[in-house]
Amino acid sequence: MTLLILIIVLALIFDYINGFHDAANAIATVVATKVLTPFQAVVWAAFFNFLAYWVFGFGVADTVAKTAHTMEINLVVILAGVIAAICWNLLTWWLGIPSSSSHTLIGGFAGAAVAHAIAVHGFSGYVGEDGATHYWYEIVSWYKAGKDGAMPSGVLIIIAFIVLAPLLGALASYLISIWLLNASRKSIGPKIFTVLLMIATVWFVYSQMVPYSEIEKPRFDSHFWSVAFEAHNIKWFLVAFIILTVSAFCLIFSSLNLHQADAALKKMQLLSSAAFSLGHGGNDSQKVMGIIAAAVAVYINTNPGVHMDAWLDVVLPNDDAGIKGVMPSWIPLACYSAIAAGTLSGGWKIVKTMGSKITKVSSFEGVAAETAGALTLYFTEHLKIPVSTTHTITGSIIGVGLTKRVSAVRWGVTVSLIWAWILTIPISALLAGLVYFLLSVFIS
């Protein structure tokens, strides 16, 4: 039990570090454009980090918890993974490199699990409880097909989104920038497009709503308020609100003078920054929830017959067996609180890299980048994919830079960041493996 408590404490410390390491993701552009002072920006971001507790579910947490097969590992594996993730995060923060806290955690978890499998079974095959022959690398859930056409999961999908997340962010921010640029012209075409987009958004979001009859535990007696405050629905309401707000601005953009347009864009940047902070909190806090859930599952498996207190009564969902997940409310509350507290601590070295070194950012670019980043995070969270908020917003900033000219992006800085992204998972995995072997000497 002592080891389990230690893992939970270290996981929350990692969540805190994640907060100040990734604070730049949400506040870099509002600080660079002087919409908010640095202190105001971190308070703003921290508030919405914590607000995510009431918006997002636990899909990403479930994906992270199943990075490795919990029936075949022990608590030392998870401890080694968390320690390695903390070390890599602190190193990259010190160097001012906006690496991915998400991939650090995934890499550490997977690397320690592989080290454990090699230590126990070696490199040769072994016969498992199912009577089949297994190998050391199978301890990690590399790929699992989605059920009924749903999105597949596994470490390979997470690795794929190292490339896809920034590309999606870049594409979305590029398209939003082009949309805003055309909306500034006094022609009817962009306005017709905007109205059609508003209609399509309302129709799409309405089609995603969970009706009252399908809500398992309505929060209110009123049907309307239960539907309105259902976590799944709140997320889609936010998507609609973001797109409709930008659309409303586009309809009047051409009638504003330069001063009025800049003032309006700075106000919209508060909205886009808040939306991205919400996505950051919802995406990154869930990863720590997943680690805690996996630790509890491993503890129960390695101590058969143990009675867990209600505050640690965690059950991982299993769609194949029809088992629904259970997570005490203190776990998400603690995770969201930790990441919000970390965001309040800042992270100014990375703010400088994100806010000025990639490309020059104005309020216009800030709105486009943060809106694109927020929408990307909401959709990937809906697909239960733990993506990097760092990669997403970096891609989005690059996308708005490309609307000016290719040379507007400082590619030397960008290439250095990409190398950090590529190396994060393997280095974290290798470091976690070494930490596992070291811990194994002292912990039986």
Taking the side chain as everything from C-beta on, heavy atoms only, tell me whether V77 gets closer than 4.5 Å to Y436. yes
Evaluate the ring planes of Y336 and Y53, with Trp represented by its six-membered ring, and classify them as parallel (under 30°), tilted (30 to 60°) or perpendicular (over 60°). perpendicular
Can you name the residues that form a ring-ring contact (aromatic ring centres under 6.0 Å, His included) with F50, not counting sequence neighbours? W54
Please check: side-chain N/O of S173 versus main-chain N/O of S396, any donor-acceptor pairing under 3.5 Å? yes
Passes side chain to side chain contact (heavy atoms under 4.5 Å, CB included), F161 versus L168? Steps please. CA-CA 9 Å; F161 271 82; L168 288 172; 4.1 Å; yes
If you look at every heavy atom in A240 and T201, which pair is closest and at what distance? CA-CG2, 3.9 Å
How far apart are the closest heavy atoms of L4 and V296, and which atoms are they? CD1-N, 3.9 Å
Are the side chain of N301 and the backbone of M71 linked by a donor-acceptor contact shorter than 3.5 Å? yes
Expected output: side-chain N233 to main-chain V227 donor-acceptor under 3.5 Å: yes
Would you please test L3 and L6 for side chain to side chain contact (heavy atoms under 4.5 Å, CB included) and show each step? CA-CA 5 Å; L3 194 55; L6 177 61; 4.3 Å; yes
Taking the ring centre of each residue, are Y378 and W236 less than 6.0 Å apart? no
Quick one: are the ring centres of W179 and Y174 less than 6.0 Å apart? no
Is it the case that the side chain of T380 and the backbone of L377 share a donor-acceptor pair, with hydrogens and angles ignored and the cut-off at 3.5 Å? yes
If you compare all heavy atoms of V400 against all heavy atoms of S177, which two are closest, and at what distance to 0.1 Å? CG1-OG, 3.2 Å
Measuring from atom CD1 of I86 to atom CD1 of I17, what distance do you get when rounded to the nearest 0.5 angstrom? 5.0 Å
First locate atom CG of L270, then atom CH2 of W44, and finally report the distance between them rounded to the nearest 0.5 Å. 5.0 Å
More than 12 heavy atoms of other residues, nucleotides or ligands under 6.0 Å from OH of Y135: yes or no? no
Qualifying salt bridge (charged side-chain N to carboxylate O under 4.0 Å, His left out) pairs with a residue from residues 230-244, counting only residues at least two apart or across chains: K235-E381
V35 to Q269 - nearest heavy-atom pair and separation: CG2-OE1, 3.1 Å
Determine whether the aromatic ring centres of F276 and F48 lie less than 6.0 Å apart. no
Interatomic distance, L79 atom CG to L75 atom CG [nearest 0.5 angstrom]: 8.5 Å
Taking the six-membered ring for Trp, are H121 and H134 closer than 6.0 Å centroid to centroid? no
Contacts of type side-chain hydrogen bond (donor to acceptor under 3.5 Å, both in side chains), residue W136, not counting sequence neighbours: none
What's the shortest heavy-atom distance between N49 and S277, and which atoms? ND2-O, 2.8 Å
Residues that H69 engages under side chain to side chain contact (heavy atoms under 4.5 Å, CB included), provided they are two or more places apart: E72, S141
Roughly how far apart are I139 CD1 and I118 CD1, rounded to 0.5 Å? 9.5 Å
Find out whether M209 and H232 are in side-chain contact, i.e. whether some heavy atom of one side chain is under 4.5 Å from a heavy atom of the other. no
Determine whether L180 and V246 satisfy the following criterion, side chain to side chain contact (heavy atoms under 4.5 Å, CB included), listing intermediate values before the conclusion. CA-CA 9 Å; L180 288 169; V246 176; 4.2 Å; yes
Pairing residues for P386 by the side chain to side chain contact (heavy atoms under 4.5 Å, CB included) criterion, not counting sequence neighbours: V60, T63, V64, I158, K287
For the side chain of N283 and the backbone of G279, is there at least one donor-acceptor N/O pair under 3.5 Å apart? no
Output the distance between atom SG (C335) and atom CG (L12), rounded to the nearest 0.5 Å. 5.5 Å
With no hydrogens and no angle check, is any side-chain donor or acceptor of H280 less than 3.5 Å from a backbone partner on A45? no
4.5 Å side-chain heavy-atom contact, S247 and I243: yes
Test log, rule side chain to side chain contact (heavy atoms under 4.5 Å, CB included), inputs S285 and M289: CA-CA 7 Å; S285 288; M289 293 182 218; 4.2 Å; yes
Could you state the interatomic distance from CD1 (I291) to CG (L10), rounded to the nearest 0.5 Å? 11.5 Å
Please name all residues satisfying side chain to side chain contact (heavy atoms under 4.5 Å, CB included) with Y143, sequence neighbours left out, ordered by chain then number. A145, P152, L156, I157
So which atom in T133 and which in G125 form the shortest heavy-atom distance, rounded to 0.1 Å? CG2-CA, 4.1 Å
